[in-house]
Amino acid sequence: MKQLVRVFLTIILVSVVLLYITDRLNRSQGLSGGNTLTVYNWGDYIAPDIIDQFEKETGIKVIYETFDSNEAMMTKIEQGGTTYDVAVPSEYMIDKMIKEDLLIPLDHSKLPNLKNIDERFMDLPFDPDNIYSIPYFWGTVGIVYNPKMLDGMEITSWNDLWDRKLKNEILLIDGAREVIGMGLNSLHYSLNDTNLKHLQEAKAKLDTLTPNIKAIVGDENKLLLANQEAAIGITWSGDASEIMSENEDLDYVVPSEGSNLWFDNMVIPKTVKNIDGAHAFINFMLDAKVSAKNTEYVSYSTPNKAALEYMPKEMVNDERFYPSLALTDKLEVYENLGKRNLATYNELFLEFKMHRK
Ligand code: SPD
């Protein structure tokens, strides 16, 4: 009898250990399904307690992974291997993912909170009728600067950045479209220019900015700027807003030559394992109070009209981060320029980074 109990207990122990190992393996490889959900988002782009709240309300366990560029996200999804249920790419990458058949059409009947989104952010050219994507945050690319470190110098344009007085004072965002785009805009070319001569001209002009560049950085730009380690940062508006809440001396401007207007949207990649969970997550993020709480934490601009009423007035009325249509109409949205042209942008950006070394 004792022998039987021992065998029985051993079987239970082995099963528990196997279950534990499988679960850990699944989590590390993002193999969601069942009652888990793997979300792939930009770094610093969600309030941690929002994830806790979703898990509590639905009983679904979230496995959360982050990326720092559209290109890195795309590579990981194209490679397969990791199963993502929800991802948050920007508009030009969504267009590319749709064309490469990497996304599944959404079931709008499972997204009743979609009514909360401002119509201005629906039905955009990269995904007419929002078949594949739902707005998450939006914003501009611009210059965050510290007037106290600039000795009276005014910053209003991209070309101001080439001033010799700014030696070693500029932090650049680590993004190919953003940096090459800044070179293009400074020459009054379009952010979607594919003319190789113009692109090379933009890269050559960026090379001459090298003495003024302190570093090319990711999310750490926020700490560096808030701590006054550099006077200027080229960054996304939401990061600027967060930095400015840490250090009130700073200001943000969208350069006069023009800049980028961008949209990050939630999508369900083809690799999805938990389709219902993915829709539940997207719908949860669209809830007015959830979105308000998330927006206050993340500091980016929300497309959720219903959320605005739960947010501090000074945030919603700040024209630097909720610019009027009159301003956004003058900005350019990145287009999917096709594999070859996107590769050219990436190569030129890499060469530019090498040139600095
Ligand atoms: N730290 C969060 C960054 C999110 C920025 N998304 C902007 C993409 C613009 N193409």
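Residue indices begin at 1 and follow the sequence shown. First listed ligand is number 1; within each ligand, the first listed atom is number 1.
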> Which atoms of ligand 1 have any heavy atom of Ser90 under 4.0 Å away?
Replying inline: 8 (C), 9 (C), 10 (N)
Protein heavy-atom partner closest to [atom] - residue, atom, separation in Å:
atom	value
atom 3 (C) of ligand 1	Tyr300 OH, 3.4 Å
atom 6 (N) of ligand 1	Asp264 OD2, 2.7 Å
atom 2 (C) of ligand 1	Gly43 O, 3.2 Å

> Glu178: heavy atom below 4.0 Å from ligand 1, yes or no?
Replying inline: yes
> Any non-hydrogen atom of Tyr92 lying under 4.0 Å from ligand 1?
Replying inline: no
> When the aromatic ring centroids of Tyr136 and Tyr300 are compared, is their separation below 6.0 Å?
Replying inline: no
> Do Tyr92 and Phe126 have ring centroids that are under 6.0 Å from one another?
Replying inline: no
Considering only distance and modelled atom types, tabulate donor-acceptor pairs under 3.5 Å from the side chains of residues 280-287, sequence neighbours left out.
from   : atom 1 : to     : atom 2 : distance (Å)
Asn283 : OD1    : Asn113 : N      : 2.9
Asp287 : OD2    : Lys289 : N      : 3.1
Asp287 : OD2    : Val290 : N      : 3.0

>> Classify the ring geometry of Trp236 against Trp42: parallel below 30°, tilted from 30° to 60°, perpendicular beyond 60°.
In response: perpendicular
> Which pairs count as ring-ring contact (aromatic ring centres under 6.0 Å, His included) when at least one residue sits in residues 203-235, sequence neighbours excluded?
Replying inline: none
> Where's the contact between Asp219 and ligand 1, heavy-atom distance under 4.0 Å: side chain, backbone, both or neither?
Replying inline: side chain
>> Let's go through Leu37 and Lys61 carefully: what are the C-alpha distance in whole Å and the side-chain angles of both, what is the deciding distance for side chain to side chain contact (heavy atoms under 4.5 Å, CB included) to 0.1 Å, and is it a yes or a no?
In response: CA-CA 6 Å; Leu37 188 78; Lys61 173 95 197 110; over 6 Å; no
